[in-house]
Participant: 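Please see the structure below; I have some questions.
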Amino acid sequence: MTDTIFSKIIRKEAPANIVYEDDLCMAFKDMFPCAPVHILVIPKKPIPRLCDASAEDKTVLGHLMLVANQVAADAGVGDKFRLVVNNGADAGQSVFHLHLHVIGGRRLQWPPG
Ligand code: DGP
């Protein structure tokens, strides 16, 4: 996998507004927020897309969901937020390092485009 901007953020070689970090993952504010709360939760392991994950990633994938819960709660939207994973360029993925979008703080429409 080629290095992405998110790998640089993990290594602290690129700036980010980090709201959470532990051994397995990091969460930081999206640089182009689509809502008042827009946080990205990423694994430190460089999994390019969700479809590249395997059974050995089960723990980290579950952990990302729980951290998403936590950062949403910390941002004040713990009972009203959306998680989005864009998988592949045709689904809107632009950074090929798996990330969960935690989006909230406004009324969200459905279905997404
Ligand atoms: P996606 O389209 O699902 O791959 O989402 C990538 C998101 O990452 C997009 O909402 C913008 C955000 N993003 C891209 N580059 C940076 C960066 O350097 N810093 C931060 N904080 N966010 C970034």
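In each ligand, atom 1 is the first atom listed, and ligand 1 is the first ligand listed.
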Participant: Among all protein heavy atoms, pick out the one at the shortest distance from atom 21 (N) of ligand 1; state its residue, atom name and that distance to 0.1 Å.
Facilitator: K29 O, 2.8 Å
Participant: Check this for me: D22, atom CG, are more than 12 non-hydrogen atoms of other residues, nucleotides or ligands nearer than 6.0 Å?
Facilitator: yes
Participant: Parallel, tilted or perpendicular for H101 and H38, by the 30°/60° rule?
Facilitator: tilted
Participant: Only heavy atoms of L40, strictly under 4.0 Å: list the atoms of ligand 1 that pass.
Facilitator: 8 (O), 12 (C)
Participant: Around atom 1 (P) of ligand 1, find the nearest protein heavy atom and jot down its residue, atom name and distance.
Facilitator: H99 NE2, 3.1 Å
Participant: Could you tell me the residue and atom name of the protein heavy atom closest to atom 16 (C) of ligand 1, and the distance to it rounded to 0.1 Å?
Facilitator: M31 SD, 3.6 Å
Participant: Minimum heavy-atom separation for F96 and A89, please, with both atom names.
Facilitator: CZ-N, 3.9 Å
Participant: Are more than 12 heavy atoms, taken from residues, nucleotides or ligands other than R11, located less than 6.0 Å from that residue's CZ atom?
Facilitator: yes
Participant: Just need the protein heavy atom nearest to atom 4 (O) of ligand 1, so name the residue and atom and give the distance.
Facilitator: S94 N, 2.6 Å
Participant: Closer than 4.0 Å to some heavy atom of F32 - which atoms of ligand 1 meet that?
Facilitator: 11 (C)
Participant: At a 4.0 Å threshold, what atoms of ligand 1 neighbour a non-hydrogen atom of H101?
Facilitator: 1 (P), 3 (O), 5 (O), 7 (C), 10 (O)
Participant: What's the spacing between I103 CD1 and K80 NZ if we round to 0.5 Å?
Facilitator: 16.0 Å
Participant: Between V19 and V71, what is the shortest heavy-atom contact and its length?
Facilitator: CG2-CG1, 4.2 Å
Participant: I'd like to know whether ligand 1 has G92 as a neighbour, heavy-atom separation below 4.0 Å.
Facilitator: yes
Participant: Enumerate the atoms of ligand 1 whose separation from the nearest heavy atom of N86 is less than 4.0 angstrom.
Facilitator: 1 (P), 2 (O), 3 (O)
Participant: Roughly how far apart are R82 CZ and L100 CG, rounded to 0.5 Å?
Facilitator: 14.0 Å
Participant: Just to confirm my output: which protein heavy-atom neighbour is closest to atom 18 (O) of ligand 1, and how far is it?
Facilitator: I5 CG1, 3.3 Å
Participant: Return yes when F6 approaches ligand 1 closer than 4.0 angstrom through a heavy atom, no otherwise.
Facilitator: yes
Participant: So which protein heavy atom does atom 14 (C) of ligand 1 come closest to, and at what separation?
Facilitator: V95 CG2, 4.0 Å
Participant: Looking at every heavy atom in both L83 and M65, which two are closest together, and how far apart are they?
Facilitator: CD1-SD, 3.7 Å
Participant: Using 0.5 Å steps for rounding, measure from the NE2 atom of H99 to the CZ atom of F6.
Facilitator: 5.0 Å
Participant: Provide, to 0.1 Å, the distance between atom 7 (C) of ligand 1 and the closest protein heavy atom, together with that atom's residue and name.
Facilitator: D30 OD2, 3.4 Å
